[in-house]
Structure formats: C-alpha cells, structure tokens
Amino acid sequence: MRFWVMKSEPDVFSIDDLKREKKTGWDSVRNYQARNSMRDDMQVGDLVLYYHSNAEPSGVAGVAKVVGPAIADPTQFDRKSDYYDEASKKDAPTWLMVTVGFVEKFASVIPLEALKAEKALAGMPLIQKGQRLSVMPLSKEHFVKVLSMAGAKTSVS
DNA sequence: GCCAACGTTGGC
DNA sequence: GCCAACGTTGGC
C-alpha cells in the first residue's frame, strides 16, 4: 500500500464535508502529474493525508482512504462546469478521478509550519518549496510520523 | 490582496 | 524546440 497527500480548499470541500458525505469523487484535478499518480500508482486501500490549503491554518486536517479506482472525471464533459474540457473525448477521457472515503478528522489541524519544523519530515514532498500538486506521494515513515503528531486514531500495520 | 513558483500555451 | 507571456496555486 502507498501513502498520499491530497489537497483541498476547505471553502470548497473540507474534511467535515467528507465526513458528512462519507466519500467523494476527487474530481476537477487538471494537472497531468497528479492525474498520472491517480491512474498509475493509486490503489484502493491506500491511505491519504487530507490537507487543507488556503486555510486558517493550512495543514493536515485528517485521514482519508482511496475507496474507488481512477475513472473518468465527469466534470470534463459538463459544459456548465468550470472544469469542462472541450478537447476531451468520451472514449478516451483526459482527466481521471479516484473516489476517496472518510477515515478520521484530527482533533486539530497540523499546520504546515509544524510539518516544516519537524526534522523527521525533512524531504517530505508536501513541504518542499514551490510544490503545488494537489495529489502527491509520501513515504510510510512520514505518514506515520504525521499520524503520531496528530495523536491520530488511525494506525498503519 | 500580494507575489513567488511553476505549469501551459503559443509565436517564431 | 525555445522561451516569453500568461494563468494558477497557495502561503502569507
């Protein structure tokens, strides 16, 4: 199993929204690298750190899980969507999404600042300067470290 | 709201 | 294929 960070603006879709809805299609990703991660490397059962961006504070808000494989993102075919992609073909969709399920909301958000200050997380892709991917991998060790910082209930075997 | 970082587009 | 212009992300 692999471990991931997935980012969402809480004004758009927060960990509380995920908790209420139980699961959601991770649509609207329009970055090839993030798409390729979902298509090639994500598997059902993988665990996800749920990151709030453009938030107060920005940071890891909880844990989610990949519960459905990469399928066509319907927003690319929806003319009314901001994410409509005229060039994408139904039989060969450009953009994909996985389905993500709620696992746990942390007692408090682990702010980006705290992640950067933690020596054991050096090298974690999320905290590298200039990274803007909405879906990115991290190591099991880093994942477990963030769980312990959060006092999380989730455990990794 | 500012602006640095960086991906994408398009002229050549 | 280069690279300037432009758009987006996201911390602050």
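To find a chain, count down the sequence lines: A is the first, B the second, and so on, and within it residues start at 1. Predicted, not measured: the structure shown is a model, and the values here were computed from it.
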Original post:
To the nearest angstrom, how far is A:Glu86 atom CD from B:dT9 atom C1'?
Top reply: 16 Å
Subject >> Atom-pair distance (OH on A:Tyr32; C1' on C:dT8), nearest Å >> reply: 15 Å
Original post:
Can you tell me if A:Glu104 uses its side chain to pair, donor with acceptor, with the backbone of A:Thr154 under 3.5 Å?
Top reply: yes
Original post:
When the distance from CG of A:Asp11 to P of C:dG10 is rounded to whole Å, what number comes out?
Top reply: 13 Å
Original post:
Can you check the A:Leu133 CG to B:dC6 C1' distance for me, whole Å?
Top reply: 10 Å
**OP:** Hey, which sits more toward the 5' end of DNA chain B by its nearest nucleotide, A:Lys129 or A:Asn54?
**Re:** A:Asn54
**OP:** Could you tell me whether the side chain of A:Arg30 has a donor or acceptor atom within less than 3.5 Å of a complementary atom in the base of C:dT8?
**Re:** no
Original post:
Is any side-chain nitrogen or oxygen of A:Lys7 closer than 4.0 Å to OP1 or OP2 of C:dT9?
Top reply: no
Original post:
So, A:Lys105 side chain and A:Ile15 main chain: donor-acceptor pair closer than 3.5 Å or not?
Top reply: no
Original post:
A:Arg132 has an atom CZ; how far is it from atom P of C:dT8, in whole Å?
Top reply: 11 Å
Could you go through residues 134-144 of chain A and list every donor-acceptor pair under 3.5 Å that involves a side-chain atom there, pairing it with any protein atom two or more places apart or in another chain?
from     : atom 1 : to       : atom 2 : distance (Å)
A:Ser139 : OG     : A:His142 : N      : 3.1
A:Ser139 : OG     : A:His142 : ND1    : 3.4
A:Lys140 : NZ     : A:Ser157 : O      : 3.1
A:His142 : NE2    : A:Ala120 : O      : 3.4

Subject >> Presence of A:Ser58 side-chain N/O under 4.0 Å of C:dG10 phosphate oxygens OP1/OP2 >> reply: no
Original post:
Passes ring pair (Phe, Tyr, Trp, His ring centres under 6.0 Å), A:Trp95 versus A:Phe77? Steps please.
Top reply: CA-CA 10 Å; A:Trp95 305 111; A:Phe77 303 124; over 10 Å; no
Original post:
Expressed in angstrom and rounded to an integer, what is the separation of A:Asn31 atom CG from C:dT8 atom P?
Top reply: 14 Å
Subject >> Euclidean distance, atom CD of residue A:Gln128 to atom P of C:dG10 [Å, nearest integer] >> reply: 15 Å
Subject >> Nearest-Å distance for atom pair CH2/C1', residues A:Trp95 and B:dT8 >> reply: 10 Å
